Student: 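Provided herewith is a single structure, encoded as structure tokens, for subsequent inquiry.
Note that ligands are numbered from 1 as they come in the structure, with each ligand's atoms numbered from 1 the same way. A quick note: this is a predicted structure, and the numbers were derived from the prediction, not measured.
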Amino acid sequence: MAREGERQWQEKGKGPRLLLFPTPLQGHITPMLQLATLLHCKGFSITILHTNFNSPNPSSYPNFSFESISDGLSEQQTSRINFMTIATALNANCEVPFRDCLAGMMLENTGERIVCIIDDGLFQFLPTVAKHFKLPRLILEMNSVASFVAYVAFPLLKLKGYFPIQDPMSKTPIPELPPLRIKDIPDIKGQSPDTWYEMVANSLNQIMDSAGFIWNSFDHLEHTSLTELRHDHQFPIFPIGPLHKYSLPSSSTSLLVQDRTCMDWLEKQAPKSVIYISFGSLVAIEKTELVETAWGIANSMQPFLWVIRPGSVNGFEWVELPEGFEEKTRDRGLVVKWAPQQEVLAHPAVGAFWTHSGWNSTLESICEGVPMLCWPFLGDQKVNARFVSHVWRIGVQLEDGLERDEIERAIKRLMVEKQGEEVRERISAVKENAEICLREGGSSHESLNSLVDYLMSL
Ligand code: UDX
């Protein structure tokens with residue numbers, strides 16, 4: 001519920017303005033719009049700055065203002081999304097349009113107070129531009145606190161000789177960064193190690209003197225990592241998540257059309273019988289991996305709902321599933337191109353989630369108490385998967401690539417064996433703690449109040 005000052009703004013609709021600028025990717029736009037909605041409910045006026053590519057739909061957010069920034073992305077760059085390509089191009093192309101847009105807003109400003117810019121840390125030109133306009137900058141972190149701690153350790157890992165990584169599949173522990181092993185260090189497949197290291201180092205340099213960090217995470221889950229971060233750094237930290245679980249007016253943030261037929265299909269399945277499989281919005285696997293995945297799922301004999309996003313197999317817009325797969329899984333499975341994931345996870349028929357361990361997917365699974373089978377692909381996902389399987393013990397990890405026998409065993413372990421039951425009990429407890437954190441007096445609730453006070457003090 002709004003506190004006294006906030007209630008006045010809501011009535012007048014004239015709270016100070018926040019400028020939010022998300023990277024135009026699904027996993028970034030969703031939490032940024034959730035944060036915008038939350039802070040709007042706390043009384044702030046909201047402007048979303050967005051690129052032309054993957055622009056949000058203003059009609060879904062009639063209370064926000066929208067300002068478009070020209071991104072200069074080519075059709076080739078936007079038709080097959082590659083994180084590094086997009087990040088590099090946006091950094092090269094957006095500085096001038098962003099500066100011009102801000103200059104225009106400042107000129108037009110009729111005395112309204114603009115408090116700060118909130119972005120997700122990817123835009124390296126943000127500190128200079130923000131400083132030019134004397135605007136504080138806050139970061140909404142899209143990753144877990146644990147993975148942020150891993151990124152912050154990159155210079156130390158370099159010093160200790162871990163880079164360039166010799167064997168990316170090595171299970172050798174890193175004593176400086178428990179419980180991570182060499183294979184859990186965030187990387188991007190196919191990316192030159194030097195370019196990747198440089199990108200992480202540059203990102204760290206430009207975000208470390210931000211006016212604060214907002215985290216889509218909660219204290220109960222990441223207490224140790226938060227304590228470590230607070231011990232080592234002075235910047236204000238606001239863990240206010242899970243953002244999607246506040247009771248707020250919600251509009252779809254999905255960039256792709258969600259196939260809702262899967263909800264009817266789930267209605268016909270037994271409780272906790274279905275494994276839901278989705279690798280998020282960016283992962284692209286090889287065709288051979290798709291075949292192994294298909295046979296692993298089929299041989300497990302479990303009902304499944306499988307999201308295969310168009311373009312998610314390298315070099316193909318769409319790949320037919322192997323011959324014999326449909327026959328073997330008839331009446332037992334459904335394949336869709338994009339699902340209403342949060343609703344799917346909340347459905348009583350879903351018993352496990354095979355995920356790429358993106359942070360949004362991980363939080364969404366936790367909040368519905370659904371055990372995870374983790375197959376991390378890039379970046380922070382590797383750290384998330386390690387924490388899910390080894391620290392929080394609310395899932396298991398596929399350790400050795402996509403191979404049909406290992407997939408079959410892992411699915412059965414989660415869906416029908418005792419280990420699955422234990423994991424389910426643990427994740428149910430974490431789910432409850434997430435709910436407690438959001439209630440009045442809970443850590444995320446309190447952090448949100450501190451964030452509002454802090455924004456007002458800027
Ligand atoms: C990326 C990184 O992988 C992630 O680790 C980082 O923290 C954010 O950017 P992405 O690959 O998009 O994210 O994964 P994730 O963070 O899990 O976000 C995917 C979003 O798409 C989730 O909110 C999920 O609900 C949604 N989704 C996914 C759907 O709505 N339908 C689907 O079928 C699949």
Side-chain angles (χ1 to χ4, degrees), residues 22-35 54 56 81-84 86-87 90 119-122 139-148 150-151 184 186-189 203 214-217 222 241-245 250-263 265-266 276-285 304-312 334-347 350 353-368 370 372-388 395:
T23 300
L25 296 172
Q26 182 72 73
H28 294 239
I29 288 176
T30 298
M32 193 64 93
L33 287 172
Q34 287 163 347
L35 176 70
N54 277 348
I81 299 176
N82 171 297
F83 178 80
M84 285 296 280
I86 295 271
L90 290 176
D119 72 301
D120 48 38
L122 192 105
I139 308 283
L140 170 63
E141 263 299 331
M142 300 293 158
N143 304 330
S144 58
V145 184
S147 60
F148 186 83
Y151 280 123
D184 306 317
D187 69 355
I188 296 199
K189 238 180 240 170
S203 292
I214 305 166
W215 242 290
N216 189 14
S217 190
E222 297 214 84
L243 285 169
H244 72 287
K245 278 296 178 180
S250 72
S251 299
S252 173
T253 55
S254 186
L255 296 169
L256 298 175
V257 178
Q258 298 172 330
D259 182 344
R260 299 195 56 84
T261 57
C262 58
M263 299 310 294
W265 182 83
L266 283 173
Y276 168 62
I277 303 147
S278 169
F279 300 151
S281 67
L282 295 173
V283 167
I285 60 176
F304 64 89
L305 169 59
W306 184 6
V307 176
I308 306 182
R309 204 184 71 246
S312 63
L334 183 68
V335 175
V336 295
K337 293 183 173 163
W338 195 246
Q341 179 163 301
Q342 289 176 28
E343 284 176 65
V344 166
L345 289 168
H347 196 283
V350 173
F353 179 17
W354 179 3
T355 170
H356 67 310
S357 299
W359 188 236
N360 294 293
S361 294
T362 304
L363 280 177
E364 289 162 13
S365 207
I366 286 175
C367 289
E368 304 308 334
V370 178
M372 282 167 270
L373 172 56
C374 304
W375 179 70
F377 186 77
L378 56 79
D380 61 305
Q381 299 159 10
K382 297 177 164 206
V383 179
N384 300 339
R386 182 68 174 155
F387 273 70
V388 164

Student: Does Glu368 reach the main-chain N or O of Leu345 with its side chain, forming a donor-acceptor pair under 3.5 Å?
Tutor: no
Student: Heavy-atom contacts with ligand 1 below 4.0 Å: which residues, ordered by chain and residue number?
Tutor: Gln26, Gly27, His28, Met142, Asn143, Gln258, Tyr276, Ser278, Ser281, Leu282, Val307, Trp338, Ala339, Gln341, His356, Gly358, Trp359, Asn360, Ser361, Glu364, Asp380, Gln381
Student: Look only at the side chain of Arg309 and the backbone of Gly280, and say whether a donor-acceptor pair between them is shorter than 3.5 Å.
Tutor: yes
Student: Would you call the rings of Phe279 and Trp354 parallel, tilted or perpendicular if under 30° counts as parallel and over 60° as perpendicular?
Tutor: perpendicular
Student: Do Gln341 and Ser361 meet the criterion of a side-chain donor-acceptor pair at a distance under 3.5 Å?
Tutor: yes
Student: Is a side-chain donor or acceptor of Ser217 paired with a backbone partner of Ser144 at a separation under 3.5 angstrom?
Tutor: no
Student: Output all residues satisfying salt bridge (Lys or Arg N to Asp or Glu O under 4.0 Å) with Asp119, sequence neighbours left out; order by chain, then residue number.
Tutor: Arg137
